[in-house]
Amino acid sequence: MLALINPKTIRKDPEGVKAKLKTRGVDPAEVEEYLKLDEANRNAIGQVEGYRKQKNELTEVISKSKDKRDPEIQAKIKQVKQLNADIKTADEAQKELAAKWRYIAIRLPNLPDDSLPVGPDEDADVEERLWGDKPEFDFKPKAHWEIGEALGILDFDRAAKVSGARFVYYKDAGARLERALYNFMLDLHTQEQGYHEIIPPYLVTAKTMFGTGQFPKFTEDVYTVEATGMTLIPTAEVPLTNYYSGEILDEKDLPTYFTALTPSFRSEAGSAGRDTRGLIRMHQFNKVEMVKFSKPEDSYKELEKMTLDAQEVLKRLGLAHHVIVLSTGDTGFSSAKTYDLEVWMPEQNRYREISSCSNCLDFQARRAMIRYRKADGSVDYVHTLNGSGVAVGRTVAAILENYQQADGTIKVPDALIPYMGGQTVIK
RNA sequence: GGAGAGUUGGCAGAGUGGUAAUGCACCGGACUCGAAAUCCGGCGAACCGGCUUAUACCGGCGCGCAAGUUCGAAUCUUGUACUCUCCUCCA
């Protein structure tokens, strides 16, 4: 029976948990109900186990008897039959309690870290640090989709014809720019930052989606193939983190880092009307993802490092950005602490999210059963982290807007020139 | 899609109705200056409950999973998942 938040934490400090989850929008009554069911369930388990113990004792005697017809043995058999009925009743009652408990348990979000700003939404996010100078233009900067369409490297109209809204065709230098970007990112992560390069499955089972916390709460945000129940991954975090699901790792193998380029598929239910133009909010987009498995005591250190790894992508591309720490209400379901990287978008005159780095502590590890054996032989859950390193489509958008020139051409960032076959300008 | 086989503790591998052999590994001890070998003993995943400082102790569960038959199931029945092999098909 798996949980989300460590059940012992909730038992030990119910008021603290209530207070913390309240900052994430969870009604304390939910926690109250959880505790009630938790206790009732444990009592029920005790009862069932008591019956089972009696039964085991009786059947042991029966098994050792020579003569099953002995009236004494027959009496014991009768007793066991009665016990079986008792067990059935008690067991069904217990299962029901467990199911109710579980229903709540798997829907409670992770406990936020104490360092988070408290607040209901993104307005309470706090800027941690700033990098780079915003570009200055002696003309009015255009939106990336205008630039891309004018150059013939992005085609939203034809994509709409073929697939509907929120899809795009990249063409010529646009396609090459996308490819250059993700190759650049993958090389950085694998050659310099120590990540294993992975190409994972893009279709996963419901159980896998549960492991990373997308299910059962967020089924409406993804595409699930009706015939098989398989889901198109909304992020590579899902297949990467579940890589070790159900396994017990060796302490010496931690930490370990994975990275992968994959498409991400999102239904964007509920975001109608937002970012309807351009590359910002697509049903399908490429993303280079980073995932880490770490020992509990190292996970926050690893989060800082991972955030810097993502930042390094933007630094080398010369893209102005800042790092913000998400407030309690803005932090994702599975995460205890999340840093977002937001890149400067000149036409919109604001920062836009381009990466999100999260420490999920043991929240996902509990769901996906990812553990490690310590030197003393005991077993504990690992901590999992994930971060974008970074969203490729949005990076294309950022480059088009930040590197646009008065004549409508695009200067290729120095770091990308080798990946563009030496091309320095897109025109 | 069709047919067949398999799924037991870290690994190997027994066990066709009576409550998980054995080997290797591992842990403790003996022997030794120490180690190896040997000998003795122990331990057989993980999980849950009770009691808790506890990886100690007691109990439950536990032979892919689920349900059924039975006083009792790794063993019988049914369903299901996954893996492998062959056929068919296909990038």
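Keep in mind the model is a prediction, meaning the values are calculated, not measured. Letters A, B, ... are given to chains in the order of the sequence lines, protein chains preceding strands, and every chain is numbered from 1.
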task = Between K95(A) and R371(A), name the one whose nearest nucleotide on RNA chain B is closer to the 5' end.
result = R371(A)
query = What does N56(A) touch in the nucleic acid at a heavy-atom separation under 4.0 angstrom: a base, only the sugar-phosphate, or nothing?
reply = sugar-phosphate
ask   = Roughly, in whole Å, what's the span from NZ in K76(A) to P in C71(B)?
value = 16 Å
message = Just to be sure I understand the rule, does I45(A) reach a base, reach only the sugar-phosphate, or reach nothing, if contact means heavy atoms closer than 4.0 Å?
response = sugar-phosphate
inquiry  = Taking only the C1' atom of each, what is the distance from A35(B) to A30(B) in whole angstrom?
reply    = 15 Å
ask   = Are Y202(A) and F265(A) close enough that their ring centers fall under 6.0 Å?
value = no
task = Write down the distance separating the C1' atoms in U8(B) and U85(B), rounded off to the nearest Å.
result = 22 Å
query = When the P atoms of A37(B) and C26(B) are considered, how many whole Å apart are they?
reply = 9 Å
task = Among the candidates G49(B), G59(B), A46(B), find the nucleotide nearest to the side-chain atoms of K53(A).
result = G59(B)
request  = Residues of residues 85-93 of chain A with any non-hydrogen atom less than 4.0 angstrom from an atom of RNA chain B: list those, numerically ordered, please.
outcome  = none
remark   = Rounded to whole Å, the NZ-C1' distance (K8(A) to C47(B)) equals 11 Å
ask   = Nearest to the side chain of R42(A) - G50(B), U19(B), C71(B)?
value = G50(B)
Nearest-neighbour nucleotide for the S63(A) side chain, C71(B), G18(B), G49(B) considered = G18(B)
message = Between N183(A) (side chain only) and R179(A) (backbone N and O only), is there a donor and an acceptor less than 3.5 Å apart?
response = yes
task = Run the numbers on D91(A) and K95(A) for salt bridge (Lys or Arg N to Asp or Glu O under 4.0 Å), then give the verdict.
result = CA-CA 6 Å; D91(A) 190 55; K95(A) 290 257 171 62; 2.9 Å; yes
note = The ring pair (Phe, Tyr, Trp, His ring centres under 6.0 Å) partner of H196(A) among Y244(A), F293(A), F258(A) is F258(A)
task = Using the P atoms only, state how far G9(B) lies from U75(B), rounded to an integer number of Å.
result = 15 Å
Whole-Å distance separating the NZ atom of K12(A) from the P atom of U52(B) = 14 Å
query = Is there a side chain to side chain donor-acceptor pair (under 3.5 Å) between Y300(A) and H383(A) once you walk through the steps?
reply = CA-CA 10 Å; Y300(A) 276 109; H383(A) 280 190; over 6 Å; no
Nearest-Å distance for atom pair OH/P, residues Y244(A) and A46(B) = 20 Å
inquiry  = Say we look at U16(B) and C76(B): how far apart would their P atoms be, to the nearest angstrom?
reply    = 9 Å
query = When the distance from CD of E60(A) to P of A20(B) is rounded to whole Å, what number comes out?
reply = 9 Å
remark   = To the nearest angstrom, the OH-C1' distance between Y51(A) and G49(B) comes to 16 Å
query = Any donor and acceptor pair, going by atom type alone, linking the side chain of R24(A) with main-chain N or O of T331(A) inside 3.5 Å?
reply = yes
inquiry  = I need the single residue from K36(A), Q94(A), E96(A) that forms a side-chain hydrogen bond (donor to acceptor under 3.5 Å, both in side chains) with N41(A). Which is it?
reply    = Q94(A)
message = Expressed as a whole number of angstroms, how long is the span from Y381(A):OH to A46(B):P?
response = 12 Å
note = Whole-Å distance, M369(A) CE to C48(B) P, equals 8 Å
ask   = Hey, are D172(A) and R176(A) close enough for a salt bridge, meaning a charged N less than 4.0 Å from a carboxylate O?
value = no
inquiry  = So, OP1 or OP2 of G49(B): does either fall under 4.0 Å of a side-chain N or O from R11(A)?
reply    = yes
query = Using atom C1' of each nucleotide, how far apart are C58(B) and U77(B) to the nearest Å?
reply = 36 Å
query = Taking the same atom, P, in C24(B) and in G13(B), what whole-Å distance lies between them?
reply = 16 Å
inquiry  = Check this for me, if you would: do R316(A) and E312(A) make a salt bridge, where the nitrogen-to-carboxylate-oxygen distance has to be below 4.0 angstrom?
reply    = yes
request  = For D250(A), enumerate each residue passing the side chain to side chain contact (heavy atoms under 4.5 Å, CB included) test, keeping only those at least two apart in sequence or located in another chain.
outcome  = K252(A), D253(A)
NZ/NE/NH1/NH2 to OD/OE distance under 4.0 Å, E304(A) and K301(A) = no
query = On a whole-Å scale, what distance lies between the P atoms belonging to G79(B) and C27(B)?
reply = 46 Å
ask   = Given pairs defined as Watson-Crick or G-U wobble with both distances under 3.5 Å, what dot-bracket annotation applies to RNA chain B, with ( ) intrastrand, [ ] crossing, | other strand and . unpaired?
value = ((((((((.[[[..)..(...]]].(((((.......)))))....((((......))))...[[[[[..)....]]]]])))))))....
note = Whichever of V80(A) and V379(A) has the more 5' nearest nucleotide on RNA chain B, that residue is V379(A)
